[in-house]
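What follows is a short report on a single structure.
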Amino acid sequence: MIRAVVFDVGECLVDETKEYGTWTDWLGVPRHTFAAMFGAVIAQGRDYRETFLEFDPAFDLDAQREARAAAGQPEHFDETDLYSDVRPALARLREEGLWLGIADNQTVRAGRILRELFSPDVDLIGTSDDWGASKPDLEFFVRVADAVPFRPEEILYVGDRVDNDLRPGAAAGMHTALVRRGPWATIQWNTADVNALEL
């Protein structure tokens with residue numbers, strides 16, 4: 001029996017199109033070129049951060065986040081970036097009596113934004129920066145399980161990535177569900193690997 005539902009953020013709750021567009025502009029690369037390389041990196045099973053290295057071999061994401069913030073262009077998302085089904089889905093799940101959480105690989109700044117957007121709607125907002133553990137490491141999901149007041153087998157973790165969300169969530173004893181939107185789900189759904197995975 002599912003008693004708690006915990007959501008990933010990017011491409012699950014938040015449409016990251018605008019944010020990746022700002023990174024593309026920061027790099028000075030045409031958006032369609034960046035998007036093509038981003039898809040190729042995902043299809044090859046590489047870390048998405050390697051996309052930046054294709055355009056700047058010395059690129060350091062943490063340092064560039066700081067540089068953007070110093071330039072008045074920090075990472076940002078708001079209500080307009082939420083997928084249209086997010087608010088109704090959270091409200092419906094809450095009406096059904098489920099415990100709700102949001103947990104993802106996010107920076108401290110993104111965590112503050114998430115708390116501003118979702119604190120009234122969910123019982124937990126946890127980030128990799130909060131916990132010192134990042135997906136797909138099993139420790140991240142151990143932290144999720146520790147924060148949720150139910151057994152792992154009573155938790156459903158919802159995400160858009162097989163590699164970062166579904167496999168490690170299942171390894172931690174949780175149920176998992178794939179949201180089919182965004183680049184990872186679009187690419188991974190069409191592989192034999194994801195179709196063989198029991199969701």
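A donor-acceptor pair is defined here as one N or O able to donate and one able to accept, closer than 3.5 Å; no such pair exists between the side chain of D137 and the backbone of E139. Within the 3.5 Å criterion, the main-chain N or O of A133 finds no donor-acceptor partner in the side chain of S128. R65 places no side-chain N or O within 3.5 Å of a backbone atom of E75 that could act as its donor or acceptor partner. Using modelled atom types, no side-chain atom of H175 and backbone atom of E154 make a donor-acceptor pair closer than 3.5 Å. Of the possible donor and acceptor atoms, one in the side chain of D47 sits under 3.5 Å from a partner among the backbone N and O of R49. Of the possible donor and acceptor atoms, none in the side chain of E19 sits under 3.5 Å from a partner among the backbone N and O of E16.
Within 6.0 Å of the CZ atom in R46, the count of heavy atoms belonging to other residues, nucleotides or ligands exceeds 12.
Residues passing the side-chain hydrogen bond (donor to acceptor under 3.5 Å, both in side chains) test with D121 are R87, sequence neighbours excluded. Judged as a ring pair (Phe, Tyr, Trp, His ring centres under 6.0 Å), and not counting sequence neighbours, the contacts of Y20 are F38. Taking the side-chain hydrogen bond (donor to acceptor under 3.5 Å, both in side chains) definition, one finds that D129 meets it with nothing, sequence neighbours left out.
We find the CH2-CZ distance between W99 and R3 to be 12.0 Å, quoted to the nearest 0.5 Å. Here the straight-line distance linking atom CD of E79 with atom CD of E116 works out to 11.5 Å at 0.5 Å rounding. For the atom pair CG of D104 and CD of Q106, the computed distance is 4.5 Å after rounding to the nearest 0.5 Å. Taken to the nearest 0.5 Å, the OG1 atom of T24 stands 12.0 Å off from the CE atom of M37. In this structure, CZ on F59 lies 9.0 Å from CH2 on W26, to the nearest 0.5 angstrom. Here the OG1 atom belonging to T33 is positioned 12.5 Å from the CD atom belonging to E54, to the nearest 0.5 angstrom.
With a 4.5 Å cut-off on side-chain heavy atoms, R181 and D85 count as touching. Between L61 and W23 the shortest side-chain heavy-atom distance falls below 4.5 Å. Side-chain contact between V9 and I102 is present, with heavy atoms from C-beta onward closer than 4.5 Å.
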Query - F7 vs L93, side chain to side chain contact (heavy atoms under 4.5 Å, CB included): CA-CA, chis, key distance, verdict - result: CA-CA 12 Å; F7 293 91; L93 293 170; 3.6 Å; yes

Requested in this report: Kindly indicate, with the supporting measurements, whether the criterion salt bridge (Lys or Arg N to Asp or Glu O under 4.0 Å) is fulfilled by E96 and R92.
Outcome: CA-CA 6 Å; E96 293 180 4; R92 174 80 182 269; 2.9 Å; yes

Requested in this report: Report the C-alpha separation of T22 and Q73 in whole Å, then their side-chain angles, then the decisive distance to 0.1 Å, and conclude whether the side-chain hydrogen bond (donor to acceptor under 3.5 Å, both in side chains) test is met.
Outcome: CA-CA 9 Å; T22 63; Q73 301 176 42; over 6 Å; no

Report task. May I have the step-by-step check of side chain to side chain contact (heavy atoms under 4.5 Å, CB included) for M174 and V144, ending in yes or no? Result -> CA-CA 10 Å; M174 300 175 189; V144 172; 3.9 Å; yes

**Report entry** Working for side chain to side chain contact (heavy atoms under 4.5 Å, CB included), residues D8 and R161
**Finding:** CA-CA 9 Å; D8 169 54; R161 293 181 61 175; 5.9 Å; no

Report task. May I have the step-by-step check of side chain to side chain contact (heavy atoms under 4.5 Å, CB included) for V86 and F118, ending in yes or no? Result -> CA-CA 11 Å; V86 169; F118 292 110; 4.0 Å; yes

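Transitive grouping of hydrophobic side chains (ILVMFWY, heavy atoms separated by less than 4.5 Å) brings I113 and V122 into a common cluster. The cluster map of Ile, Leu, Val, Met, Phe, Trp and Tyr, joined by side-chain heavy atoms under 4.5 Å apart, puts V148 and L98 in different clusters. Hydrophobic cluster membership is shared by L90 and V14, with clusters built from Ile, Leu, Val, Met, Phe, Trp and Tyr side chains linked at under 4.5 angstrom. Hydrophobic cluster membership is shared by Y83 and I125, with clusters built from Ile, Leu, Val, Met, Phe, Trp and Tyr side chains linked at under 4.5 angstrom. Hydrophobic clustering of Ile, Leu, Val, Met, Phe, Trp and Tyr side chains at less than 4.5 Å, counting indirect connections, unites L27 with I42.
The two residues G159 and L166 come nearest to each other via the heavy atoms O-CD1, 4.2 Å. Considering all non-hydrogen atoms of both residues, A4 and F150 come closest at CB-CD1, 3.9 Å. Counting all heavy atoms, side chain and backbone alike, V158 lies closest to C12 at O-SG, 3.7 Å. F141 and A172 make their closest contact through CB-CB, 3.6 Å (heavy atoms, listed as atom of the first residue, atom of the second, distance).
Defined by atom type and a distance below 3.5 Å, a donor-acceptor pair is missing between the side-chain atoms of W184 and E11.
Classification of the F140-Y157 ring pair by plane angle, with boundaries at 30° and 60°, yields perpendicular.
Checking each of D163, N164, D165 against K135 for a side-chain hydrogen bond (donor to acceptor under 3.5 Å, both in side chains) leaves exactly one that passes, namely D165. Shown are D123, L100, I155; of these, the side-chain contact (heavy atoms from CB on, under 4.5 Å) with V6 is made only by I155.
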